[in-house]
Amino acid sequence: MSTSELLRPDLVGAERTAAGGSPDEGPLRMMTVHAHPDDESSKGAATCARYVDEGREVVVVTCTGGERGSILNPAMNRPGVLDDMPAIRRAEMARAAEILGVSHRWLGYVDSGLPEGDPLPPLPEGCFALGDLDEQVGTLVAVIRELRPHVLVTYDERGGYPHPDHIRCHEISVAAFDAAGDPDRYPEAGEPWQPLKLYYSHGFSRARMEAFHAALLERGLESPYGEWLANWSSDTPDPGARVTTRVQCADWFPVRDKALLAHATQIDPESRWFLVPEDLQREVWPTEDYELVRSFVESSLPEDDLFAGIEVLAQERRAS
């Protein structure tokens with residue numbers, strides 16, 4: 001299968017490429033856009049670490065400061081931690097970025113929190129999910145034009161899971177991808193630059209959970225996925241069915257786990273994140289999985305590289 005269905009003929013070609021998105025200027029670059037600090041370490045972190053080691057430039061953009069996060073690690077439930085949560089989460093994010101080897105940018109919006117109850121309470125005034133969408137898109141467009149990524153990665157339309165900040169993150173990421181290369185959009189945000197590929201990350205597929213669940217039980221180990229699978233709604237499609245691209249990154253799972261643990265307020269070392277032995281992960285599911293949703297280059301599906309097609313184009317241009 002070709003990516004031709006994903007190419008946008010109205011925007012492909014020399015004129016669009018000249019507006020930005022040329023892959024022959026320095027190392028290839030990837031930008032991942034996330035809602036909160038710690039999302040970058042639980043969604044695609046091993047992929048990021050692999051590409052850094054291979055000489056790619058990777059930048060993580062975090063939309064909010066995670067100010068309304070709870071303390072999810074009992075060891076961090078100490079006096080003063082909750083009161084100082086914004087500063088602590090910034091420090092945790094800095095440490096995780098250092099471990100992964102990525103650059104990092106904050107967009108500077110305020111965490112919306114995860115509303116709970118029936119009926120759900122209103123979102124807090126001034127939060128990210130209630131902000132001005134056009135302004136937020138312009139902010140991200142400015143970062144894209146400054147840093148000039150060739151690949152942009154974000155969440156699907158459900159946000160990966162239906163957190164209001166994740167859904168808004170999806171909305172601004174897709175809109176910014178489409179706007180960044182258009183000189184008539186957000187002219188104050190810098191010189192146009194068109195990323196060449198847009199992906200959604202899909203880490204929580206039913207097929208992946210079922211594979212780990214079966215493998216753990218076969219080894220006589222406790223599985224954290226049984227209840228999750230039992231409660232999987234038949235109305236919720238498996239995002240795994242949408243995967244087009246599987247990146248082999250098992251060698252970087254230890255780096256991913258170390259980055260996760262850097263978010264000490266959010267990640268309990270005894271939690272389900274760490275119940276699957278590393279050798280079993282390598283055997284059962286050694287990839288991180290993505291869906292290609294926009295492309296300005298040709299590549300064959302399924303892919304095993306988020307930069308597929310871009311490297312070829314860069315080599316052709318260097319040779320010409």
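Being a predicted model, the structure only gives us computed values, none of them experimental.
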A.B. asks: Should Glu291 and Arg242 count as an ion pair when the cut-off is N to O under 4.0 Å?
C.D. replies: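 Here Glu291 pairs with Arg242 in a salt bridge, since their nearest N and O are under 4.0 Å apart.
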A.B. asks: Quick one: do Glu116 and Arg68 make a salt bridge, cutoff under 4.0 Å?
C.D. replies: no
A.B. asks: Is the shortest side-chain N to carboxylate O distance from Glu191 to Arg148 below 4.0 Å?
C.D. replies: no
A.B. asks: Mind checking whether Ile71 and Met85 have side chains closer than 4.5 Å, heavy atoms only?
C.D. replies: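 Of all side-chain heavy-atom pairs linking Met85 with Ile71, at least one is under 4.5 Å.
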A.B. asks: In terms of ring plane angle, is the pair Phe307 and Tyr51 parallel, tilted or perpendicular, where the classes change at 30° and 60°?
C.D. replies: perpendicular
A.B. asks: Find out whether Val151 and Pro195 are in side-chain contact, i.e. whether some heavy atom of one side chain is under 4.5 Å from a heavy atom of the other.
C.D. replies: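 SC-SC contact between Val151 and Pro195 ruled out.
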A.B. asks: Would a hydrophobic clustering, with Ile, Leu, Val, Met, Phe, Trp and Tyr connected at side-chain separations under 4.5 Å, put Leu72 with Leu261?
C.D. replies: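 Different hydrophobic clusters.
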A.B. asks: Could you walk me through whether His263 and Glu40 pass the side chain to side chain donor-acceptor pair (under 3.5 Å) check?
C.D. replies: CA-CA 11 Å; His263 294 282; Glu40 85 296 328; 2.7 Å; yes
A.B. asks: For His104 and Thr62, test the side chains for any donor-to-acceptor distance below 3.5 angstrom and give the result as yes or no.
C.D. replies: yes
A.B. asks: We want to know whether His166 and Glu171 form a side-chain donor-acceptor pair, criterion being a heavy-atom distance below 3.5 angstrom.
C.D. replies: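 There is no such pair (donor and acceptor under 3.5 Å, judged by atom type) between the side chains of His166 and Glu171.
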A.B. asks: Using side-chain heavy atoms (C-beta onward) and a distance below 4.5 Å, is Gln136 in contact with Thr139?
C.D. replies: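 Side-chain contact under 4.5 Å: no.
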A.B. asks: Given the rule that I, L, V, M, F, W and Y join up when any side-chain heavy atoms are under 4.5 Å apart, are Phe253 and Val284 in one cluster?
C.D. replies: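 No.
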A.B. asks: Does the side chain of Asp165 come within less than 4.5 Å of Cys63's, by heavy atoms?
C.D. replies: no
A.B. asks: Just by distance, do the side chain of Asp156 and the backbone of Pro239 share a donor-acceptor pair under 3.5 Å?
C.D. replies: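 Pair absent, no side-chain N/O of Asp156 close to backbone of Pro239.
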A.B. asks: So, are Asp289 and Arg208 salt-bridged, with charged N and O less than 4.0 Å apart?
C.D. replies: no
A.B. asks: Would you name the heavy atoms of Val255 and Ala49 that are closest together and state the gap between them?
C.D. replies: CG1-CB, 3.9 Å
A.B. asks: Is there a path of hydrophobic side-chain contacts, each under 4.5 Å between heavy atoms of I/L/V/M/F/W/Y residues, joining Tyr186 to Leu147?
C.D. replies: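 Shared cluster, yes.
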A.B. asks: Kindly work out whether a path of hydrophobic side-chain contacts (I/L/V/M/F/W/Y, heavy atoms less than 4.5 Å apart) joins Leu280 to Leu260.
C.D. replies: yes
A.B. asks: Check step by step if ring-ring contact (aromatic ring centres under 6.0 Å, His included) holds for Tyr290 and His202.
C.D. replies: CA-CA 5 Å; Tyr290 303 86; His202 287 305; 8.6 Å; no
A.B. asks: Can any side-chain N or O of Glu67 pair as donor or acceptor with the backbone N or O of Pro86 at less than 3.5 Å?
C.D. replies: no
A.B. asks: What I'd like to find out is whether the side chain of Leu107 reaches to under 4.5 Å of the side chain of Ile172, using heavy atoms alone.
C.D. replies: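 Yes; the side chains approach each other to less than 4.5 Å.
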A.B. asks: Any salt bridge between Glu222 and Arg272, counting N to O under 4.0 Å?
C.D. replies: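 Looking at Glu222 and Arg272, the cut-off is not met.
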A.B. asks: Is Val174 close to Leu198 at the side-chain level, that is, under 4.5 Å between some pair of heavy atoms?
C.D. replies: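 They are in side-chain contact.
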A.B. asks: Is there any side-chain hydrogen bond (donor to acceptor under 3.5 Å, both in side chains) pair reaching into residues 247-260, and which pairs are they, with sequence neighbours excluded?
C.D. replies: Asp53-Trp252, Asp251-Arg282, Arg256-Gln281
A.B. asks: Is there side-chain contact between Ile144 and Trp193, with heavy atoms separated by less than 4.5 Å?
C.D. replies: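 When only atoms from C-beta onward are counted, Trp193 and Ile144 do touch, with a gap below 4.5 Å.
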A.B. asks: I'd like to know if Glu98 pairs up with Arg95 as an ion pair, taking the criterion as any Lys NZ or Arg NE/NH1/NH2 lying under 4.0 Å from an Asp or Glu carboxylate oxygen.
C.D. replies: yes
A.B. asks: Measure from the side-chain N and O atoms of Arg145 to the backbone N and O of Gly190, and report whether any donor-acceptor pair falls under 3.5 Å.
C.D. replies: yes
A.B. asks: Begin from the C-alpha positions of Thr32 and Cys48 and carry the test side-chain contact (heavy atoms from CB on, under 4.5 Å) through to its verdict.
C.D. replies: CA-CA 9 Å; Thr32 68; Cys48 291; 4.0 Å; yes
A.B. asks: Do Leu301 and Val153 sit in one hydrophobic cluster, given that two such residues count as connected whenever their side-chain heavy atoms are within less than 4.5 Å of each other, even indirectly?
C.D. replies: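 Per the 4.5 Å side-chain linkage, Leu301 and Val153 are co-clustered.
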A.B. asks: Please say which of His34, His170, His163 ends up in a ring pair (Phe, Tyr, Trp, His ring centres under 6.0 Å) with Tyr155.
C.D. replies: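 Filter result, single survivor: His34.
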A.B. asks: Can you check whether Asn73 reaches Thr265 side chain to side chain, under 4.5 Å on heavy atoms?
C.D. replies: no
A.B. asks: Do any N or O atoms from the side chain of Glu92 and from the backbone of Ala264 form a donor-acceptor pair under 3.5 angstrom?
C.D. replies: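 Checked: pair present.
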A.B. asks: Might you point out which heavy atoms bring Arg246 and Gly240 nearest each other, and give the distance in Å?
C.D. replies: NH2-O, 4.4 Å
A.B. asks: Are Thr245 and Tyr199 close enough, and set up right, to give a side-chain contact (heavy atoms from CB on, under 4.5 Å), and what steps lead you there?
C.D. replies: CA-CA 9 Å; Thr245 310; Tyr199 288 91; 3.4 Å; yes
A.B. asks: Verify whether one side chain among Tyr109 and Glu135 offers a donor that lies under 3.5 Å from an acceptor in the other.
C.D. replies: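 Per modelled atom types, Tyr109 and Glu135 side chains form a pair under 3.5 Å.
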A.B. asks: Give a yes or no on whether a salt bridge exists between Arg219 and Glu283, defined as a side-chain N under 4.0 angstrom from a carboxylate O.
C.D. replies: yes
A.B. asks: Among Asp84, Asp38, Asp39, whose salt bridge (charged side-chain N to carboxylate O under 4.0 Å, His left out) with Arg89 holds?
C.D. replies: Asp38
A.B. asks: Working to the nearest 0.5 Å, report the span between OG of Ser41 and CH2 of Trp273.
C.D. replies: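 Interatomic distance, Ser41 OG to Trp273 CH2, rounded to 0.5 Å: 10.0 Å.
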A.B. asks: Quick one: does any side-chain atom of Lys197 pair with a main-chain N or O of Ala308 as donor and acceptor, under 3.5 Å?
C.D. replies: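 Flag set: sc Lys197 to bb Ala308 pair under 3.5 Å.
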A.B. asks: With side-chain contact (heavy atoms from CB on, under 4.5 Å) as the criterion, how do Arg105 and Val60 come out once you've worked through the C-alpha distance, each side chain's angles and the decisive distance to 0.1 Å?
C.D. replies: CA-CA 6 Å; Arg105 288 294 184 92; Val60 170; over 6 Å; no
A.B. asks: If you count the non-hydrogen atoms of other residues, nucleotides and ligands that lie under 6.0 Å from CD in Glu227, is the total more than 12?
C.D. replies: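 Check fails, neighbour count at 12 or below.
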A.B. asks: Can any side-chain N or O of Arg29 pair as donor or acceptor with the backbone N or O of Pro27 at less than 3.5 Å?
C.D. replies: yes
